[in-house]
Amino acid sequence: MRSQMLGFVRPYEEANNAKVHVAHYNGGISEIRDQVESANVIWDVVDLTQADSLRACEEGLLENISNIELPDGVDGTPFRDDFVEGALNDCGVGVIVWGTAYAFNSSQFADTPPSTIADFFDTETYPGPRAIRNDPTVIMEWAIMADGVAREDVYPTLETEEGVERALKKMDGIKSGLQIWETGREPVRMLNAGDVAMSSIWATTGATAAQEEGADFTVNMDGRVIELDLFGIPKGSQNKEGAIDFIRFASSSNSLADMVGHLPNGPTRKSSMALLSDDVLARIPNGPAYEDNLYILSDAEWWANNHARLEEAFQSWLVTSERQGAAGSTR
């Protein structure tokens, strides 16, 4: 949020002599649905994950902005060619490329650090409890890739019940002592305290926190899952034109580069990359420093259609033959 405030909210206010009121919400589309269905829309622009953007668009909860005209890239690239794959849909304009990676306790693995996503599941070579987010996304892609499935076959494999069972079986290897996290700073605390040996972590949060005093963990980008955030306009916004004007400003090459300079998420425009310093390029999840590492683009449309099914399987896996601990651990 701070990066957006400094990258384009405050500059937009100054350029337009306007005031932008920013509110926090818990993500998802339920609050948007409540506003739209009650005809009491109080938000004009909402920051959504790609999967939520597609779901909300399909449900008719967002304005169709497919004919929006955005500024071309600072290098002259037509805007529709400048945005990364998935950053433009009928109801959304992408602003952030982010990712989930894993981090490991630096002291524990100082001599032989893990290097691949398969190492996350290898508790014999790399002993110690793991932590993952309370969600089937990412961990199930990781499990399938760690079990030898090629990146392009991950989602077709998870489409089948056999594939889901294969992922859960791979995940069984990290179940002992597993910690579950909900918010982005929790893995940082767990790793620094030595509560876990490895944890999934939002790549940007990890890259920033790893530079803090006293940090004792290293982020590994192998196997990272790349996702997008998009801006959308709730259906029935009373300030649709103003919202579109803000999105145009916020999604320009320079605005996105300014935002990334304050927090190393990736920009959704290719032309913004040339405006970033080498230090920033070395830390963003879609930066050139990690081109040779394994990664997968999260299939937001697939997750929009399959999340409920895998969420049920994931939650059942968490409690089967295990007892959920009071602090979020499974014992």
Side-chain angles (χ1 to χ4, degrees), residues 3 96-135 137-143 145-146 151 170-171 173-227 260-266 276-298 328-329:
S3 63
I96 292 173
V97 178
W98 57 283
T100 304
Y102 77 90
F104 58 89
N105 185 282
S106 303
S107 297
Q108 184 171 345
F109 303 117
D111 296 330
T112 55
S115 59
T116 70
I117 191 56
D119 294 339
F120 186 82
F121 299 87
D122 184 358
T123 54
E124 290 189 10
T125 307
Y126 304 98
R130 272 41 170 181
I132 59 174
R133 184 171 173 239
N134 189 18
D135 194 277
T137 61
V138 177
I139 188 59
M140 298 197 82
E141 285 110 323
W142 280 0
M145 289 193 293
R151 180 174 58 186
K170 187 68 176 180
M171 290 157 57
I174 63 169
K175 198 169 187 180
S176 178
L178 183 67
Q179 300 276 325
I180 300 298
W181 59 269
E182 302 276 356
T183 60
R185 289 288 300 188
E186 288 181 84
V188 174
R189 176 187 58 77
M190 293 176 184
L191 288 158
N192 284 335
D195 294 339
V196 297
M198 297 189 202
S199 178
S200 62
I201 195 168
W202 287 327
T204 299
T205 299
T208 303
Q211 297 184 332
E212 296 172 354
E213 185 177 355
D216 190 28
F217 67 88
T218 302
V219 178
N220 189 305
M221 288 290 196
D222 191 76
R224 69 198 182 283
V225 179
I226 300 294
E227 303 186 55
V260 172
H262 294 289
L263 188 68
N265 285 307
L276 303 179
S277 69
D278 290 341
D279 176 64
V280 172
L281 286 171
R283 293 190 291 153
I284 59 176
N286 60 332
Y290 308 111
E291 286 179 346
D292 294 335
N293 291 99
L294 176 67
Y295 72 94
I296 184 171
L297 295 174
S298 180
S329 62

Worksheet item: Residues in side chain to side chain donor-acceptor pair (under 3.5 Å) with Asp222, at least two apart?
Response: none

Practice prompt. With the side chain counted from C-beta on, respond yes when Val97 and Ile284 share a heavy-atom pair under 4.5 Å apart, and no when they do not.
Written response: no

Fill in: Heavy-atom side-chain proximity of Leu263 to Thr204 below 4.5 angstrom
yes

Fill in: Under 3.5 Å donor-acceptor, Ser199 side chain and Ala103 backbone
no

Fill in: By side-chain contact (heavy atoms from CB on, under 4.5 Å) - contacts of Leu297 (at least two apart)
Glu85, Ile226, Tyr295

Worksheet, complete the sentence: Tightest non-hydrogen contact, residues Pro127 and Gln108, listed as O-NE2, 2.8 Å

Discussion item. Going by the rule side-chain contact (heavy atoms from CB on, under 4.5 Å), which residues pair with Thr218 if we only count those two or more places apart in sequence or in a different chain?
Written reply: Phe104, Ser106

Worksheet item: What residues form a side-chain contact (heavy atoms from CB on, under 4.5 Å) with Tyr290, not counting sequence neighbours?
Response: Met221, Arg224, Asn293

Worksheet item: Closest approach of Ala146 and Ala118, non-hydrogen atoms and distance?
Response: CB-CA, 3.8 Å

Practice prompt. Over all heavy atoms of both residues, which pair between Lys170 and Ala143 is shortest? Give the atoms and the distance, please.
Written response: CG-O, 3.6 Å

Practice prompt. Keeping to residues at least two apart or across chains, list the salt bridge (Lys or Arg N to Asp or Glu O under 4.0 Å) pairs with something in residues 102-129.
Written response: none

Worksheet item: Do the side chain of Arg130 and the main chain of Gly128 share a donor and acceptor less than 3.5 angstrom apart?
Response: yes

Worksheet item: Listed by chain and number, what are the side chain to side chain donor-acceptor pair (under 3.5 Å) partners of Thr123, not counting sequence neighbours?
Response: none

Worksheet item: Between Thr100 and Ile201, does a side-chain contact (heavy atoms from CB on, under 4.5 Å) hold up when you go through it step by step?
Response: CA-CA 6 Å; Thr100 304; Ile201 195 168; over 6 Å; no

Worksheet item: Can you name the residues that form a side chain to side chain donor-acceptor pair (under 3.5 Å) with Ser200, not counting sequence neighbours?
Response: Trp181

Discussion item. Can you confirm whether Val138 sits close enough to Arg133 that some side-chain heavy atom of one is under 4.5 Å from a side-chain heavy atom of the other?
Written reply: no

Worksheet, complete the sentence: Rounded to the nearest 0.5 angstrom, the OG1-CE distance for Thr116 and Met145 is 10.5 Å

Discussion item. Checking Phe120 now: which residues fulfil ring pair (Phe, Tyr, Trp, His ring centres under 6.0 Å) with it, not counting sequence neighbours?
Written reply: Tyr102, Trp142

Practice prompt. Please tell me if the side chains of Met171 and Phe121 come closer than 4.5 Å, counting only heavy atoms from C-beta onward.
Written response: yes

Worksheet entry | Residue pair Asn220 / Pro114: nearest heavy atoms and the distance that separates them | ND2-O, 3.2 Å

Worksheet item: Run the side-chain contact (heavy atoms from CB on, under 4.5 Å) check on Asn105 and Val196 step by step: do they pass?
Response: CA-CA 8 Å; Asn105 185 282; Val196 297; over 6 Å; no

Worksheet item: What residues form a side chain to side chain donor-acceptor pair (under 3.5 Å) with Glu141, not counting sequence neighbours?
Response: Tyr155, Trp303

Discussion item. Give me each pair satisfying salt bridge (Lys or Arg N to Asp or Glu O under 4.0 Å) with a member in residues 181-200, each pair once, sequence neighbours excluded.
Written reply: Arg185-Glu212, Arg189-Asp195

Worksheet item: So which heavy atom on Gly214 is nearest to which on Asn192, and how close?
Response: O-OD1, 4.0 Å

Worksheet item: Does Tyr126 have any ring pair (Phe, Tyr, Trp, His ring centres under 6.0 Å) partners at least two apart in sequence or in another chain, and if so, which?
Response: Phe109

Worksheet item: Which residues satisfy the side-chain contact (heavy atoms from CB on, under 4.5 Å) test with Ala282, sequence neighbours excluded?
Response: none

Discussion item. Restricting to non-hydrogen atoms, name the atom on Pro285 and the atom on Ala203 that form the minimum distance, rounded to 0.1 Å.
Written reply: CB-CB, 4.4 Å

Worksheet item: Can you check side chain to side chain donor-acceptor pair (under 3.5 Å) on Thr137 and Asp135, steps first, answer last?
Response: CA-CA 6 Å; Thr137 61; Asp135 194 277; 2.6 Å; yes

Discussion item. Working to the nearest 0.5 angstrom, can you tell me the gap between Ile139 CD1 and Leu178 CG?
Written reply: 8.0 Å

